[in-house]
Amino acid sequence: MPGDLFMVIDGNSLAHRAFHAIPALSTSKGVQTNAVYGFTTMLLKILDEKKPGLVAVCFDKGKITFRHDHYSDYKAHRKGTPDDLRPQFPLLKKLLETMRITILEEDGYEADDLIGALTTAAEKHNISSVIVTGDRDALQLVSPLTRVLLTKKGITELDEYDEGKVWEKYGISPEQLIDFKGLVGDASDNIPGVPGIGEKTASKLIKEYGSLEELIEKRNDLTGKIRAKMEEFREQALLSKKLATIIREIPVAQDMDRFRWQGPDYAELLALFSELEFKTLIRSILNRQGEGKKGKKGVAKNDFEVAGAGAYTVGYITIDDESSLKSAAAKIKDAAKIALALEGDRKSGLKAAALSIAGNIFLLPLEGGRGLSRAAALAWLKEICGDPDFRLLCHNAKEDMWRLKAEGIKLEGIFFDTMIAAYLLNPATSSRELTEVALEYLKIVLPSGIEAALPARAEAVRRLHGELSHGIEETGMDRLYYEVELPLVTVLAEMEMTGVKVDRDRLNEMSLELGEKIQSLSAAIHSMAGEEFNINSTKQLGYILFERLQLPVIKRTKTGYSTDAAVLEELAGSHEIVAQVLEHRQMVKLKSTYVDGFSPLIDPETGLLHTTFHQDVTATGRLSSAEPNLQNIPIKMEEGRKIRKVFLPRREGNIILSADYSQIELRILAHMSADPLLVEAFRKGEDIHARTASEVFGVRMEQVTREMRGRAKAVNFGIIYGISDFGLSRDIKVPRREAKLYIEGYFNRYRGVKNYIDRIVAEAREKGYVTTLLNRRRYLPDLFSSNHTVRSFGERTAMNTPIQGTAADIIKMAMVRIQREIVERGLATKMILQVHDELIFDVPLEEFEEMKELVKTRMENALALDVPLVVDMKAGQNWYEVKVIK
DNA sequence: GTGTTCACG
DNA sequence: ACGTACGTGAACACC
């Protein structure tokens with residue numbers, strides 16, 4: 001047994017440390033896990049580093065220890081365990097159980113004392129120990145056989161102390177640390193020590209006299225104040241030393257063998273990590289386990305799954321000649337479903353395809369060099385992908401459509417998209433990469449880089465279909481999935497591929513103009529500042545404004561001065577430089593993000609801009625747009641709005657048609673809350689903000705001023721976002737008390753809305769999630785946070801998501817139907833953009849009247865609510881010129 | 001990679 | 001007592 005290292009861990013200390021080091025973290029169902037997570041990472045790391053043969057974790061047990069018998073105020077000032085930490089202790093114990101690590105706790109003793117007893121026992125057996133803790137008191141246990149690993153910053157940095165290091169750091173021996181503490185005391189444990197003696201003096205005295213007892217005995221040698229203190233407080237000093245001393249004579253740990261560590265029960269550990277949603281940890285464990293396994297001869301074998309108790313391998317057949325193609329084709333033809341995985345990017349074309357059916361996985365290489373030509377392989381792939389009668393399973397089918405487009409293949413039979421399904425099941429998770437989804441739902445780690453990776457992906461997609469389709473039905477999202485999201489995939493692909501025509505000449509002109517404007521603004525700003533600096537740097541700008549020019553600091557960020565637009569507007573009166581900076585900011589934004597940002601993304605052949613719509617990003621169900629983002633093209637400010645002039649119809653004579661829902665979110669609120677006033681206003685077709693003003697300010701509609709209407713409008717927005725008086729007051733620039741009155745006034749008049757908000761939050765708390773009209777779901781773990789700010793955020797999300805999400809449901813339904821109708825009628829019109837509540841079409845002149853009617857009707861009737869949906873139609877020669885049409 | 005700012009609905 | 005409206009993507013500076 002000697003030679004083995006004994007690792008003794010202070011469970012309480014590390015749990016607290018982990019709790020504070022890891023920001024709030026919880027499972028999708030709201031179970032707090034930050035301390036468990038931090039503890040686990042730390043534990044795995046040190047076990048891996050030290051590879052101990054024996055391990056024990058000690059916990060405090062029972063509130064009263066022998067130290068209270070001696071001193072009733074012991075630890076009186078220490079705060080109790082935080083509410084969010086306490087429930088994590090059972091999880092920690094469960095973790096240690098699955099790690100097969102022995103837990104030690106004894107009534108009436110602190111973890112410290114147990115640790116002391118254990119290491120002392122180990123020393124008797126001549127076993128080296130290492131103590132892991134965040135508590136410096138453990139340093140007194142350091143000896144030739146015992147070291148201490150002390151947590152430094154965070155959870156991963158540890159300092160190792162042996163005797164030499166203690167001497168170096170404190171100038172005294174480990175045993176003398178308790179004498180030292182007898183003098184100095186410890187505020188956190190409420191150990192008094194000797195008042196007036198600090199670290200410096202204590203250190204000097206102990207070095208000179210060797211121990212506290214010796215010092216007290218020879219106190220007459222001392223002089224002045226210290227002598228008087230030692231006389232007066234000598235009992236207190238001795239008591240302090242006793243309190244600080246770790247008791248080593250607890251009758252535990254005679255049999256060291258009970259701490260022998262055999263390594264974790266991996267199956268149980270994976271199950272626990274899965275329950276706690278520790279995905280990174282699952283992956284690292286699976287990776288570690290999967291090392292060193294190789295395939296067999298003949299059928300290529302690939303161990304991409306290591307789940308639970310046993311490894312699981314999957315073989316695949318490479319299609320590399322006419323005969324293997326023929327036999328594969330025969331099997332594929334009869335397959336009920338075919339999972340597809342493609343390799344290659346949008347530009348360079350396909351490199352390989354993998355197909356998985358029940359019983360067989362095929363790899364189809366497409367880079368030649370084998371007994372099958374690329375053309376023959378692609379021809380077969382086209383037979384499968386181009387035939388709507390096959391039931392194809394994909395992960396991110398839209399991306400596959402782009403990959404296949406490069407080979408002239410249109411993907412037809414999309415039967416299931418695992419990425420979209422995973423999104424609906426939990427839209428809040430950070431990534432929908434196949435690797436992540438497979439890990440979560442199949443508990444497998446997909447290989448990467450090797451040839452076998454693609455067959456593994458196809459098989460994962462096939463298996464995921466089973467899991468996810470089940471989940472979609474169980475959560476009542478089948479209609480949303482099969483009738484909205486899945487058909488939308490092809491609609492979005494069509495939109496992306498169509499692209500938007502851009503006026504490159506105008507773009508270049510704008511770039512030059514903006515460049516000149518920025519130049520002259522820069523010169524003016526630099527001369528007013530009296531020096532050259534980078535205006536784009538908030539740090540440098542902050543220095544100029546608040547230090548050099550001494551302007552008042554309005555707001556701070558966590559790293560320095562805030563210079564955002566709100567701050568600058570407030571400073572605009574103080575110095576003429578400020579307005580110039582604001583304008584400079586605006587121009588730089590327009591030039592870099594839009595004008596110059598587009599250029600590299602425009603297809604040089606066609607002059608088309610192809611955005612990517614992401615269907616799996618937002619937590620609410622909205623789409624997002626990227627590379628470039630065409631959902632945030634300026635409109636509010638005239639200078640920016642001009643950018644819209646570069647967006648043209650794709651052919652001369654075509655027209656841009658824009659259709660946007662009027663007040664869709666407030667209408668949804670009216671429907672969901674059934675508030676009589678709100679419903680009535682919409683049914684009558686009233687000006688909703690004016691009506692709100694009339695209700696809140698208690699005046700007749702005719703008496704509503706512009707200002708009143710503006711404020712009411714802000715209140716209406718606020719209601720949707722989860723209003724606070726603070727936010728409203730900031731937005732409309734009235735005192736907070738006044739904002740508060742508006743909100744109260746609103747809820748007084750619109751009782752139905754108030755009830756709806758209360759109801760939705762209560763329901764969310766009960767179920768852990770909220771839903772939209774089409775049953776789209778969002779889990780809200782924040783609702784159960786003990787942090788007030790986080791919890792309030794959860795509550796606002798609870799009320800906003802059903803509204804924003806239902807609006808997303810509605811426009812998505814409209815898109816699917818409009819696209820279907822365009823195809824059925826054989827129209828040449830193209831849907832080109834969606835901007836949350838707006839659809840934009842590129843319409844040939846001869847289809848204009850038909851499309852106007854079609855779009856308006858389909859959008860307004862996408863979903864029947866208790867209030868009408870109203871769509872405003874605009875048209876023009878470019879996106880800037882669009883004007884309201886009847 | 002993070003923080004700040006700002007464009008949109 | 002707390003910090004503050006919901007949802008995005010992109011550019012830039014700076015570590």
Side-chain angles (χ1 to χ4, degrees), chain A residues 427-428 533-542 555-568 581-582 584-598 601 611-614 617-637 639-641 643-644 660-665 669 714-732 736 739-740 743 757 770 778 780 782 785-805 807-808 811 833-839:
Chain A
F533 68 101
N534 185 347
I535 306 167
N536 294 327
S537 162
T538 47
K539 200 176 162 196
Q540 295 182 38
L541 180 63
K555 196 165 61 168
R556 289 182 178 276
T557 66
K558 65 177 106 164
T559 52
Y561 309 112
S562 171
T563 66
D564 67 21
V567 168
L568 295 184
V581 170
L582 270 168
H584 183 270
R585 275 252 177 93
Q586 203 182 33
M587 298 299 137
V588 167
K589 178 85 179 175
L590 295 179
K591 185 168 192 289
S592 61
T593 304
Y594 301 103
V595 176
D596 294 348
F598 292 153
L601 300 170
T611 184
T612 300
F613 287 108
H614 290 291
V617 168
T618 71
T620 55
R622 276 187 177 182
L623 298 175
S624 81
S625 155
E627 281 184 284
N629 181 356
L630 294 182
Q631 289 182 322
N632 72 345
I633 305 303
I635 190 166
K636 291 168 187 164
M637 303 290 245
E639 300 94 313
R641 191 175 191 150
I643 305 268
R644 296 186 169 225
D660 70 280
Y661 282 110
S662 157
Q663 315 287 359
I664 188 166
E665 295 191 341
L669 176 64
V715 172
N716 277 331
F717 271 106
I719 296 298
I720 291 166
Y721 296 148
I723 201 156
S724 77
D725 50 10
F726 180 90
L728 182 64
S729 80
R730 177 164 46 72
D731 252 38
I732 61 177
R736 194 160 157 178
K740 193 161 182 235
I743 295 167
I757 291 173
V770 289
R778 178 180 184 179
L780 297 170
D782 285 356
S785 169
S786 62
N787 178 313
H788 170 267
T789 310
V790 175
R791 199 171 56 245
S792 304
F793 177 73
E795 286 161 3
R796 292 195 296 272
T797 320
M799 49 159 306
N800 174 265
T801 297
I803 298 173
Q804 194 183 116
I811 195 164
L833 293 174
Q834 188 254 41
V835 193
H836 310 308
D837 65 354
E838 177 186 15
L839 292 177

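Here the structure is a predicted model, which is why all the values come from computation and not from measurement. Throughout, a chain's letter reflects where its sequence line sits, starting with A, and its residues are numbered from 1.
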**Item:** Partners meeting salt bridge (Lys or Arg N to Asp or Glu O under 4.0 Å) with A/D782 (sequence neighbours left out)
**Value:** none

**Item:** DNA chain C: 5'-proximal contact among A/T620 and A/E627 (nearest heavy atom)
**Value:** A/T620

**Item:** Residue pairs passing the salt bridge (Lys or Arg N to Asp or Glu O under 4.0 Å) test where at least one lies in residues 786-796 of chain A, sequence neighbours excluded
**Value:** A/R765-A/E795

**Distance between P atoms of C/dT4 and B/dT5 (Å, rounded)** = 14 Å

**Prompt:** Considering only heavy atoms, which members of residues 555-564 of chain A lie under 4.0 Å from some atom of DNA chain B?
**Reply:** A/T557, A/K558, A/T559, A/S562, A/T563, A/D564

**Request:** Give one of base, sugar-phosphate or nothing for A/S792, where a contact means two heavy atoms less than 4.0 Å apart.
**Result:** nothing

**Message:** What's A/A565 touching, base or sugar-phosphate or nothing? Going by heavy atoms closer than 4.0 Å.
**Reply:** sugar-phosphate

**Shortest non-hydrogen contact between A/L623 and A/Q631, atoms and distance** = O-OE1, 3.6 Å

**Item:** Partner set under ring pair (Phe, Tyr, Trp, His ring centres under 6.0 Å) for A/F613, not counting sequence neighbours
**Value:** none

**Prompt:** Checking A/S625 side chain against A/L630 main chain: does a donor-acceptor pair fall under 3.5 Å?
**Reply:** yes

**Asked** When you list every nucleotide of DNA chain B with an atom under 4.0 Å from a heavy atom of chain A, which one comes first 5' to 3', and which comes last?
**Response** B/dG3 to B/dG9

**Message:** Show me the dot-bracket string of DNA chain C, counting Watson-Crick or G-U pairs under 3.5 Å, with | for pairs to another strand and [ ] for crossing ones.
**Reply:** .....|||||||||.

**Message:** I need the minimum non-hydrogen distance between A/E627 and A/L601, along with the two atoms involved.
**Reply:** C-CD1, 3.7 Å

**Check: A/S729 side chain, A/F726 main-chain N or O, donor-acceptor pair, under 3.5 Å** = yes

**Non-neighbouring partners of A/R641 that pass salt bridge (Lys or Arg N to Asp or Glu O under 4.0 Å), sequence neighbours left out** = none

**Prompt:** With distance as the sole test, does A/T611 use its side chain to make a donor-acceptor pair with the main-chain N or O of A/P628 at under 3.5 Å?
**Reply:** yes

**Message:** Taking side chain to side chain contact (heavy atoms under 4.5 Å, CB included) as the definition, give me every residue that meets it alongside A/K539, ordered by chain and number, with sequence neighbours left out.
**Reply:** A/S537

**Item:** Partner set under side chain to side chain contact (heavy atoms under 4.5 Å, CB included) for A/S562, not counting sequence neighbours
**Value:** A/K555, A/T557, A/D564, A/V567

**Complete:** At a 4.0 Å cut-off to heavy atoms of chain A, the contacted part of DNA chain C spans C/dC2 to C/dC15

**Message:** Which residues pass the side chain to side chain contact (heavy atoms under 4.5 Å, CB included) test with A/A808, not counting sequence neighbours?
**Reply:** A/R622

**Message:** Please classify the nucleic acid contact of A/I635 as base, sugar-phosphate, or nothing, using heavy-atom distances under 4.0 Å.
**Reply:** sugar-phosphate

**Request:** Using the P atom on both, measure B/dT4 against C/dA5 and round to a whole Å.
**Result:** 15 Å

**Prompt:** Nearest nucleotide by nearest heavy atom, which residue falls closer to the 5' end of DNA chain C, A/T538 or A/V617?
**Reply:** A/V617

**Message:** Going by side chain to side chain contact (heavy atoms under 4.5 Å, CB included), name the residues that satisfy it together with A/A565, two or more places apart in sequence or in a different chain.
**Reply:** A/E569, A/L582

